[in-house]
Amino acid sequence: KNLKGEWIWMECTISNAFDDNGKPLYAIASFEDVTDNHEKKLAFERYKKLMYSEDTDNLFLFDYNLAQDILVADSGNINADLLEESKKGYMHCINKVANDYIVEEDKQEYFETFDESRLLQAFAIGSDKGEMVTKIKTDEMAEPMFVKVSYQMVTEPYNASIRLLLHCAIIDEKKRAELKLIDRARKDALTQVLNRETFIEELYKRIESVNKEKISAFAILDIDHFKE
């Protein structure tokens, strides 16, 4: 522990001194606080473990050195065109994924989440990871598929290079099951009409979105024998 009571990593170096006959005279031990570098090394080892882990749900995994803007490694079921474009640099990869995969309604959030300048600014103040759930669509797909796109950033232990792991995992089955449960919780099982709590929630949303400069009306109808 240091004087503040914090646990730190120390590197000890011992140098021996000998007389002319080769007999040891004394030893000099020096200690250096290597906490920052050691923590970076541990983080980097975790980063590499994630990079090279086997995951059958990976659509792609890209490992970038942002300082040099080069693709260090890749894995997954990667389209040849995407891989070729990704080798040109990080933002080339981001733009290619957006143009070829991300559905139109999610593109703005996607660009805001994975913009390189924003990521570097966030990393400088301690934010090293993030993710978003989106849908992707290609010509080969019958319908859009849910994926989770995430990133993890880390500084290399002995230099200032920043590495970024860009990961896209298929979560379609899990996400659709989740949405199905949410839908069941919001609707009456027999009629598929919104339940009372959800109805009130949606009602207030509609009221808030109404143009106050226009005349609006709200009507409640009592329908007899509705469930018959």
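T134 OG1 to E109 CD: the interatomic distance, rounded to the nearest 0.5 Å, is 7.5 Å. In this structure, M91 CE and E116 CD are separated by 7.0 Å, a value rounded to the nearest 0.5 Å. In this structure, K129 NZ and M153 CE are separated by 13.5 Å, a value rounded to the nearest 0.5 Å. Put simply, CD1 on I162 and CG on L119 are 10.0 Å apart, with the number rounded to the nearest 0.5 Å. To the nearest 0.5 Å, the span separating OH on Y101 from OH on Y110 amounts to 10.5 Å. With rounding to the nearest 0.5 angstrom, the CG atom of D63 is 11.5 Å from the CD atom of Q152.
Residues forming a side chain to side chain donor-acceptor pair (under 3.5 Å) with D115 (at least two apart in sequence, or on another chain): none. Checked against salt bridge (charged side-chain N to carboxylate O under 4.0 Å, His left out), K205 has the following partners two or more places apart in sequence or in another chain: E201, E202. Applying the salt bridge (charged side-chain N to carboxylate O under 4.0 Å, His left out) rule to R118 yields no partners; only residues at least two apart in sequence or on another chain are considered. Take E143 and apply the side chain to side chain donor-acceptor pair (under 3.5 Å) test, not counting sequence neighbours, and it matches no residue. Applying the salt bridge (charged side-chain N to carboxylate O under 4.0 Å, His left out) test to E104 and every residue at least two apart in sequence or in another chain returns K107. For E197, there are no salt bridge (charged side-chain N to carboxylate O under 4.0 Å, His left out) partners at least two apart in sequence or on another chain. Taking the side chain to side chain donor-acceptor pair (under 3.5 Å) definition, one finds that K175 meets it with E178, sequence neighbours left out. Scanning for side-chain contact (heavy atoms from CB on, under 4.5 Å) contacts around E105 gives V103, K135, with sequence neighbours left out. For F18, the side-chain contact (heavy atoms from CB on, under 4.5 Å) partners are N16, P24, not counting sequence neighbours.
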Given the rule in the side-chain contact (heavy atoms from CB on, under 4.5 Å) test, do L166 and I94 qualify, once you have shown the distances and angles that lead to the verdict?
-> CA-CA 9 Å; L166 184 66; I94 293 301; 3.9 Å; yes

Can you list the steps and then say if I102 with V97 is a side-chain contact (heavy atoms from CB on, under 4.5 Å)?
-> CA-CA 7 Å; I102 305 297; V97 171; 4.1 Å; yes

Pair K96-D100, salt bridge (Lys or Arg N to Asp or Glu O under 4.0 Å): steps then yes or no = CA-CA 6 Å; K96 183 67 173 176; D100 292 1; 2.9 Å; yes

Going through the distances and angles, do F111 and N95 end up as a side-chain contact (heavy atoms from CB on, under 4.5 Å)?
-> CA-CA 8 Å; F111 279 120; N95 291 331; 3.2 Å; yes

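In terms of heavy-atom proximity, I14 sits nearest to C12 at CG1-SG, 3.9 Å. Smallest separation of non-hydrogen atoms from I78 and L61: CD1-O, 4.5 Å. Of all the heavy atoms in S150 and E131, the pair that sits closest is CB-CB, 3.6 Å.
Checking each of L71, L165, I70 against Y64 for a side-chain contact (heavy atoms from CB on, under 4.5 Å) leaves exactly one that passes, namely L71.
Grouping Ile, Leu, Val, Met, Phe, Trp and Tyr by side-chain contacts under 4.5 Å, direct or through others, puts Y26 with L25, I28.
Counting non-hydrogen atoms of other residues, nucleotides and ligands closer than 6.0 Å to NZ of K137 gives a total above 12.
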Ignoring hydrogens and angles, write down the donor-acceptor pairs under 3.5 Å from the side chains of residues 79-88, residues two or more places apart or on other chains.
from : atom 1 : to  : atom 2 : distance (Å)
N79  : OD1    : D81 : N      : 2.7
N79  : OD1    : L82 : N      : 3.3
E85  : OE1    : K88 : NZ     : 3.1
E85  : OE2    : H92 : ND1    : 3.2
S86  : OG     : L82 : O      : 2.7

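Within the structure, ring pair (Phe, Tyr, Trp, His ring centres under 6.0 Å) contacts touching residues 132-156 (residues at least two apart or in different chains) are F114-Y151.
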